[in-house]
Protein chains: 4
Amino acid sequence: MARGNTRQRIQDVALELFAEQGYEKTSLREIAEHLEVTKAALYYHFKTKEDIVISLFRDLTRPIDELIAWAERQPRTLETKQEMLRRYHAALLGAAPLFRFMQENQATVRDLAIGETFKDRMITLTRLIQEPDYAMADRVRCIGALFTMHAGMFFMQHVDGDPEEKRAAVLEVAVDLVTQAHRGRARD
Amino acid sequence: MARGNTRQRIQDVALELFAEQGYEKTSLREIAEHLEVTKAALYYHFKTKEDIVISLFRDLTRPIDELIAWAERQPRTLETKQEMLRRYHAALLGAAPLFRFMQENQATVRDLAIGETFKDRMITLTRLIQEPDYAMADRVRCIGALFTMHAGMFFMQHVDGDPEEKRAAVLEVAVDLVTQAHRGRARD
Amino acid sequence: MARGNTRQRIQDVALELFAEQGYEKTSLREIAEHLEVTKAALYYHFKTKEDIVISLFRDLTRPIDELIAWAERQPRTLETKQEMLRRYHAALLGAAPLFRFMQENQATVRDLAIGETFKDRMITLTRLIQEPDYAMADRVRCIGALFTMHAGMFFMQHVDGDPEEKRAAVLEVAVDLVTQAHRGRARD
Amino acid sequence: MARGNTRQRIQDVALELFAEQGYEKTSLREIAEHLEVTKAALYYHFKTKEDIVISLFRDLTRPIDELIAWAERQPRTLETKQEMLRRYHAALLGAAPLFRFMQENQATVRDLAIGETFKDRMITLTRLIQEPDYAMADRVRCIGALFTMHAGMFFMQHVDGDPEEKRAAVLEVAVDLVTQAHRGRARD
DNA sequence: GATGAATGAGAGTTCATTCAT
DNA sequence: AATGAATGAACTCTCATTCAT
């Protein structure tokens with residue numbers, strides 16, 4: 001049979017089930033059954049259950065780390081912020097199930113070691129997208145831009161319309177929010 | 001000793017622990033120990049663990065139901081939408097730990113019977129705050145207004161500043177988003 | 001409301017549920033709910049769960065004790081044995097649910113204190129209905145006569161026909177068995 | 001240590017304890033302790049407690065199914081019926097503890113899924129051993145033949161005498177009952 | 001690269017029972 | 001004559017994890 005790719009298959013099935021049912025409610029037995037291997041086989045590839053989730057997170061954390069690294073090298077202009085949102089949007093689309101998992105299992109993820117890591121990344125992102133001299137409302141706009149993208153990713157499925165169009169609209173609104181925030185500086 | 005109020009105390013402790021650690025990771029033993037009663041005592045007051053959470057949700061669902069009922073009786077004007085946000089903001093503040101729990105345990109809540117109920121309420125709210133003839137981006141603005149308030153409620157603690165000022169700013173941005181959306185109609 | 005008869009009502013409901021579901025599977029909560037009283041009320045009338053069952057058994061044990069007492073005063077003739085069966089048959093009909101309970105919960109009843117008592121009665125009955133000089137097959141006939149009546153009581157419901165006719169047939173066969181057994185003595 | 005045969009050992013111990021104390025009164029902890037394994041080990045071999053009992057029943061149901069299949073292929077003569085009893089007698093002896101369990105835990109077994117199955121088998125047997133034109137008393141004789149064997153199996157231990165002789169007598173009486181029933185047809 | 005067999009810890013739940021009121 | 005509140009002990013069952021093979 002197909003072999004050598006078991007590790008990858010475990011990750012795929014685990015992510016699917018974690019996203020669908022939640023981390024705690026997904027047992028290793030269930031994952032093993034989906035793969036038609038034994039639980040013990042999972043332990044050949046991963047040291048613990050948490051290890052599986054950590055391995056999944058690396059795929060998510062890397063693009064964000066790259067985004068942060070990129071943003072830190074750029075001038076803190078409006079264009080940079082807009083591009084950040086575009087890149088973040090792309091990252092979100094590229095790892096949708098993982099983000100969904102994150103979103104819906106925050107309580108669990110929080111004390112999963114990787115949890116702090118992830119929250120730190122988000123805080124860093126919000127720091128890079130706003131400026132110290134923004135008014136409070138403009139800071140909220142920046143943070144709102146990021147979270148609107150999160151919400152958009154999952155809640156927008158309850159709005160009807162062409163998926164592609166919906167995605168574009170979400171990005172448009174986010175970009176618009178940081179643009180307003182940035183211009184808001186002029187108001188002071 | 002303590003008498004008559006045990007049911008209430010269970011709800012308080014349960015909400016606290018559920019919000020802090022998550023639903024699955026909070027055992028009935030733990031709740032009982034915090035209250036210095038036995039697990040069996042919990043079962044005198046609630047039929048199941050899920051029952052505890054359901055009882056908590058009723059306190060949350062009621063204000064939202066009232067908000068929906070109110071909104072449905074109003075004309076679909078901009079002022080109505082703005083007032084909806086103000087009321088929703090107040091409801092959020094009045095039941096912050098519960099919202100935090102909701103937010104962070106979505107995967108769990110989803111199949112908790114009350115889960116669907118809650119999602120339905122949110123969908124209804126988003127329907128009441130937008131109009132069929134809004135452009136897609138304006139719809140996103142409306143939905144973003146609601147979710148920015150959610151996010152604001154919890155993520156804003158990582159932004160420094162006066163709490164009262166932060167809260168006001170979150171509401172301001174949300175109101176601004178629906179206002180833009182509503183005005184956007186003219187653009188078409 | 002009706003009062004003063006609670007004790008009786010408990011017995012009725014308990015017997016019904018014990019016979020239907022078994023002793024272990026019937027909880028005091030269930031009995032209390034059927035009666036629309038609290039569990040604690042049961043404890044006002046009976047010291048323990050076992051106590052309820054013991055009280056029920058007395059109603060069953062008494063007729064059998066009377067039958068035994070009567071039989072012991074009679075000559076050990078065929079006529080006596082036949083009359084014993086008729087009386088036993090009547091006792092069975094008069095306490096059908098209790099016999100059903102006995103029959104279907106032997107494992108439980110066995111170590112219920114009353115259990116030994118009941119078994120002793122049955123052994124005594126089988127001793128009174130046979131004679132020391134019967135051949136082994138004739139002893140089996142006598143015991144079979146008693147147990148055919150038991151089985152008849154419950155298994156015959158799966159045979160169609162007029163209930164009255166079925167009951168009469170069961171008694172007829174039982175009487176016939178002891179008659180054959182008694183006559184068998186001549187064969188030796 | 002012990003290897004490979006754990007499943008079998010569980011069945012053996014379980015049957016022994018179920019027969020001795022009843023199904024409900026035998027806990028998995030108790031079974032596990034007798035085997036010097038943990039409760040969880042039982043769950044490796046059987047999905048539930050009920051599953052253990054079901055597995056036991058298969059050993060009992062099979063011989064009876066074979067008996068039924070055999071009887072259905074035979075002419076409905078007296079000889080067939082007599083042979084049926086002989087075979088049933090053998091089946092009973094070969095699975096005595098299981099029959100004892102059945103007999104003494106009817107209330108429990110009834111809603112054990114396998115319960116209906118078993119009752120159906122008994123009803124089928126009683127149908128095969130009597131004829132539609134039998135008088136009611138003769139039907140009772142046939143059913144009595146089967147149940148005398150059941151009763152004989154367990155109650156006869158209270159009668160003294162050589163076990164082998166007792167067993168033979170039980171079978172003799174059962175055979176005699178169907179013979180009488182069959183001959184009874186001439187009386188009509 | 002994977003399995004079969006098992007474990008220890010703990011989960012949620014139910015039960016008969018008690019007792020102050 | 002009965003209730004409200006609670007307990008302690010037990011139960012069935014599930015989980016992540018281990019390890020010899």
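These values consider heavy atoms only, across backbone and side chains, with no hydrogens, waters or symmetry-generated copies. So you know, we letter chains A, B, ... as the sequences are listed, proteins then strands, and number each from 1.
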Report task. Given side chain to side chain donor-acceptor pair (under 3.5 Å), test Gln21(B) with Glu30(B) step by step and report yes or no. Result -> CA-CA 11 Å; Gln21(B) 318 178 332; Glu30(B) 211 174 347; 2.9 Å; yes

**Report entry** Interatomic spacing from CG in Leu92(C) to CE in Met102(C) - rounded to 0.5 Å
**Finding:** 10.5 Å

Requested in this report: Would you give the length of the straight line joining atom OG1 of Thr61(A) to atom CZ of Arg121(A), rounded to the nearest 0.5 angstrom?
Outcome: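 Answer for the OG1-CZ pair, Thr61(A) versus Arg121(A), is 6.0 Å.
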
Query raised in the report: Which atoms form the tightest heavy-atom contact between Ala19(D) and Glu104(D), and what is the distance?
Result: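 Smallest interatomic distance, heavy atoms only, reads O-OE1, 3.7 Å.
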
Report summary line: Taking every heavy atom of Gly22(D) against every heavy atom of Ala107(C), the minimum-distance pair comes out as CA-CB, 3.8 Å

To the nearest Å, how far apart are [X] [atom1] and [N] [atom2]?
X        : N       : atom1 : atom2 : value
Ile10(A) : dG1(E)  : CD1   : P     : 11 Å
Ile31(B) : dA6(F)  : CD1   : P     : 15 Å
Gln8(B)  : dG4(F)  : CD    : P     : 19 Å
Glu33(C) : dT3(F)  : CD    : C1'   : 15 Å
Leu35(C) : dA1(F)  : CG    : P     : 16 Å
Glu30(B) : dG12(E) : CD    : C1'   : 14 Å
Asn5(D)  : dA5(E)  : CG    : C1'   : 12 Å
Leu42(B) : dG4(F)  : CG    : P     : 19 Å

Query raised in the report: Of Ala41(C) and Lys25(A), whose nearest nucleotide on DNA chain F comes first from the 5' end?
Result: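 Of the two residues, Ala41(C) wins.
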
Query raised in the report: Of Leu42(A), Ile10(A), Thr48(A), Thr38(A), which is the lone residue that meets side-chain contact (heavy atoms from CB on, under 4.5 Å) with Leu28(A)?
Result: Leu42(A)

Query raised in the report: Judged by modelled atom types alone, do Glu24(C) and Thr108(D) share a side-chain donor-acceptor pair under 3.5 Å?
Result: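 Side-chain D/A pair, Glu24(C) to Thr108(D): absent.
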
Counting just side-chain N and O atoms, does [X] come under 4.0 Å of either OP1 or OP2 of [N]?
X        : N      : value
Tyr44(C) : dA1(F) : yes
His45(D) : dA6(E) : yes
Thr6(B)  : dA6(F) : yes

Requested in this report: Between Thr38(A) and Glu36(D), just flag the one whose closest nucleotide in DNA chain E comes earlier from the 5' side.
Outcome: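 The residue mapped nearer the 5' terminus is Thr38(A).
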
Report summary line: Counting only Watson-Crick and G-U wobble pairs with both atom distances below 3.5 Å, the stems of 3 or more consecutive pairs that include DNA chain E are E:2-21 with F:2-21

Requested in this report: Assess Lys49(C) against Tyr43(C): is NZ or CZ under 6.0 Å from the centre of the six-membered ring, and within 45 degrees of the ring's axis?
Outcome: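 Lys49(C) over Tyr43(C) ring: no.
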
Report summary line: Nucleotide by nucleotide, nucleotides 16-21 of chain F touches protein heavy atoms under 4.0 Å in the pattern (B base, S sugar-phosphate only, - none) BBBB--

Report task. Describe, in one word, how the ring planes of Phe99(B) and His150(B) are oriented to each other, choosing from parallel (under 30°), tilted (30 to 60°) and perpendicular (over 60°). Result ->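 Phe99(B) and His150(B): tilted rings.
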
